[in-house]
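Notes to accompany the following structure.
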Amino acid sequence: MTGGTPVAGETLPGAGDEGDDAPDRVVCHVDMDCFYASCERLRHDDLDGEPVVVGMGYEPGESIGAVATASYEAREFGVESAMPVSEALALLPRRADADPDDPDAPDPEETGRYVPVDLDFYEDVAAEVKAVLRDCADTRREVSIDEAYLDVTDRTSWAAAGGGGNPADGDDDPADPPPSGAAGPAEARTLAEGYARHVKDRIEREAGVPASVGVAPNMSAAKVASDADKPDGLVVVPPGSVAEFLAPLPTADVHGVGPVTEETLSELGIDTAGDLAAADRDRLADALGERGPELSRRAAGDDDREVTPTGLPKSLSRESALPTTADESTKRETVSALAADVARRARERGCLYRTIGIKAVEPPFDVNTRARSLPGPVDDPDLVEEVALDLLAEFDDARVRKLGVRVSKLDFAETDQATLGGFDAGGGDGGDGRDREAAPEARGGPDGGKLTDWVDGPPDRGDGDGPTGGRDRRDADEGQATLGDWD
DNA sequence: TCTGGGGTCCTAGGACCC
DNA sequence: TCTGGGGTCCTAGGACCC
């Protein structure tokens, strides 16, 4: 099986195996290990080696909130992300509650340190991480505060480290190196692995926090690889080994398979990524919609998405839990505060919005959303509040445990967009569904327009109704760089 | 145990237009 | 006038991710 003798340069342009002579990409997925807890350790030495729980909505001494991040030591006690702090405390009591002299108090050895989330600080640390990533890769997609994809194809390659040859030339040649952890026989190591280690080491050295890195020829495999050996992992999956690497993993390890999909797949007799890859895709489509076949392709190691920069946000929202209440003024005050905050953030980010919505969660966990679209994009905090309160009226008698406000159909119009012109007074859009620009009076607010009418619901749904015409106003959502997938 | 908060994408049904 | 199809937008809900 290892008798193949790959020869560099043997693959001629145009002779690629998949109708594409581009070299295999080298994609890294960088995933910070229990990032919030690592950040806390960065500034509090005494947390080193201790079970650390970072709680969202948590306040010292209280048992409210949920676990945002648990350190690996805390996970040993069963503490998990998204768990209510009260439940985490049952598994892992607070250190402050330990008392060696009190037989009823917890053993200090079996307690943990609880700290509230401090997002501002974590963002400062994340900025240092990003600076390293920027230095290491021109093509990046930052997925969240603690996670990013890098396309480093132009910085390194799948060639064997320390020698000539090209063991990973992109085909399914059995001579290609197998998936490897950081260790492995030197002859199996690739330049890509060395580069990934370099990135990982620089993050640790320059930002002071540990990361796990996965390296593979595509994004989804790199993502799974970074998860495969956490924390502090480095897992390399060379071209030709992707399917073999993924096959034994449970379906839940495939990005995009959550609890519901896992259960659906299980009912179909599909338990591993290998099963999923081999499953009949029409059958998957029947059970899961278009997502099904796509998950199957990912499970098979087939993913040609480009690493593209994160686009502008598509919505902004704020929500907050509250003690379950039916009290109308409490609900209205909460929504007003959330609306003000969302509107402020939108303004800070220089974006207009065209849809305003609310969320009302009734116990036990009944999520209701309501939304109303405006005739044109606005930046109008008063209108956000008015519309949100109006939508809330439907829930005047409801008991709610959580309320939220959201703006969407965002428009990051630059000031120079105002010079585009092209709006027509006639109200029509010429029939091609494309307007160049919103009616100007719809931009700044309700003045001169009829936006306030919308507080009480859409006015006349007639077409081409005067100043509010213009449905699609832009040729494309430029700058969005959407992938059409679920990253 | 009374399950954070911030997002993304997909789907389905209805309205409406051509 | 009847019938029908295609396309887009809107709203609501759901699954998933970090």
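Letters A, B, ... mirror the listed sequences (proteins, then strands); counts begin at 1.
Look at CZ on Arg318(A): it is 10 Å from P on dG7(B), rounded to the nearest Å. The distance between atom CD of Glu59(A) and atom P of dG4(B), rounded to the nearest whole Å, is 13 Å. Atom-to-atom, CG of Leu91(A) to P of dT1(B) comes out at 12 Å; the value is rounded to the nearest Å. Computed from coordinates, the Glu123(A) CD to dG6(B) C1' distance equals 12 Å when rounded to whole Å. A straight line from CD of Glu80(A) to P of dT1(B) spans 17 Å, rounded to a whole angstrom. We find that CG of Leu322(A) is positioned 11 Å from P of dG4(B), with the value rounded to whole Å. Atom pair Arg141(A):CZ and dC18(C):P shows a separation of 13 Å (rounding to whole Å applied). In this structure, CG of Asp31(A) is placed 13 Å from P of dC17(C), rounded to the nearest angstrom.
Counting any heavy atom pair closer than 4.0 Å across all strands shown, Pro363(A) reaches no nucleic acid atom. Ala321(A) comes within 4.0 angstrom of sugar-phosphate atoms only, judged by non-hydrogen atoms across all strands, and of no base. Counting non-hydrogen atoms under 4.0 angstrom, Ile145(A) reaches nothing in the nucleic acid. Heavy atoms of Ser81(A) sit nowhere under 4.0 angstrom from any nucleic acid atom. Using a 4.0 Å heavy-atom cutoff across all strands shown, Thr324(A) reaches no nucleic acid atom at all. Using a 4.0 Å heavy-atom distance criterion, Arg406(A) is classed as a base contact. Across all strands, Val257(A) comes closer than 4.0 Å only to sugar-phosphate atoms, never to a base (heavy-atom distances). Nucleic acid contact for Lys409(A): sugar-phosphate only, since backbone atoms but no base atoms lie under 4.0 Å from a heavy atom of the residue.
Of the side-chain N and O atoms in Arg370(A), none sit less than 4.0 angstrom from OP1 or OP2 of dC10(C). Contact between the side-chain N/O atoms of Lys359(A) and the OP1/OP2 oxygens of dG6(B) is not found at any separation under 4.0 Å. Between Arg401(A) and dT3(B) there is a side-chain N or O to OP1 or OP2 distance below 4.0 Å. Within the structure, every side-chain polar atom (N or O) of Ser86(A) is placed at least 4.0 Å from both OP1 and OP2 of dT1(B). For dT11(C), the OP1/OP2 oxygens have a side-chain nitrogen or oxygen of Ser373(A) closer than 4.0 Å.
In terms of position on DNA chain B, the residue among Ser315(A) and Ser63(A) whose nearest nucleotide sits closer to the 5' end is Ser63(A). Remark on DNA chain B: of its neighbouring residues Glu319(A) and Glu290(A), the 5'-side contact belongs to Glu319(A), judged by nearest-heavy-atom nucleotide.
Comparing dT3(B), dC18(C), dA15(C) by their nearest atom to the side chain of Pro84(A) picks out dT3(B). Residue Ala371(A) has its side chain nearest to dA12(C) when only dC10(C), dG6(B), dA12(C) are considered. Here the nucleotide nearest the side chain of Lys402(A), chosen from dC10(C), dA15(C), dG4(B), is dG4(B). Side-chain proximity of Arg291(A) to the nucleotides dC16(C), dT11(C), dG4(B) is greatest for dC16(C). For His255(A), taking side-chain heavy atoms from C-beta onward, the closest of the listed nucleotides dT11(C), dC18(C), dT3(B) is dC18(C). When each of dG5(B), dC10(C), dC16(C) is scored by its nearest atom to the side-chain atoms of Ser320(A), the top-ranked nucleotide is dG5(B).
When Watson-Crick and G-U wobble pairs are counted only if both distances are under 3.5 Å, dC10(B) pairs with dG13(C).
Between Asp286(A) and Arg283(A) there is no salt bridge, since none of the side-chain N atoms of the basic residue sits less than 4.0 Å from a carboxylate O of the acidic one. The residues Arg345(A) and Glu348(A) are annotated as not salt-bridged, no charged nitrogen and carboxylate oxygen being separated by less than 4.0 angstrom. A salt bridge links Asp118(A) to Arg43(A): one of the charged nitrogens lies within less than 4.0 Å of a carboxylate oxygen. In this structure, Glu204(A) does not pair ionically with Lys200(A), as no charged nitrogen and carboxylate oxygen lie closer than 4.0 Å.
In this structure dG4(B) sits in the syn conformation; its chi angle is within 90° of 0.
Comparing the same atom, P, in dC2(B) and in dC17(C) gives a spacing of 27 Å after rounding to whole Å. dC18(C) and dT1(B) have their C1' atoms separated by 22 Å, with the value rounded to a whole Å.
If you run side-chain hydrogen bond (donor to acceptor under 3.5 Å, both in side chains) between Asn368(A) and each of Glu362(A), Glu394(A), Lys359(A), only Glu362(A) comes through.
Using cut-offs of 30° and 60° on the angle between ring planes, the pair Tyr36(A) and Tyr122(A) is parallel.
Side chains of Ser373(A) and Arg354(A): no donor on one and acceptor on the other come within 3.5 Å.
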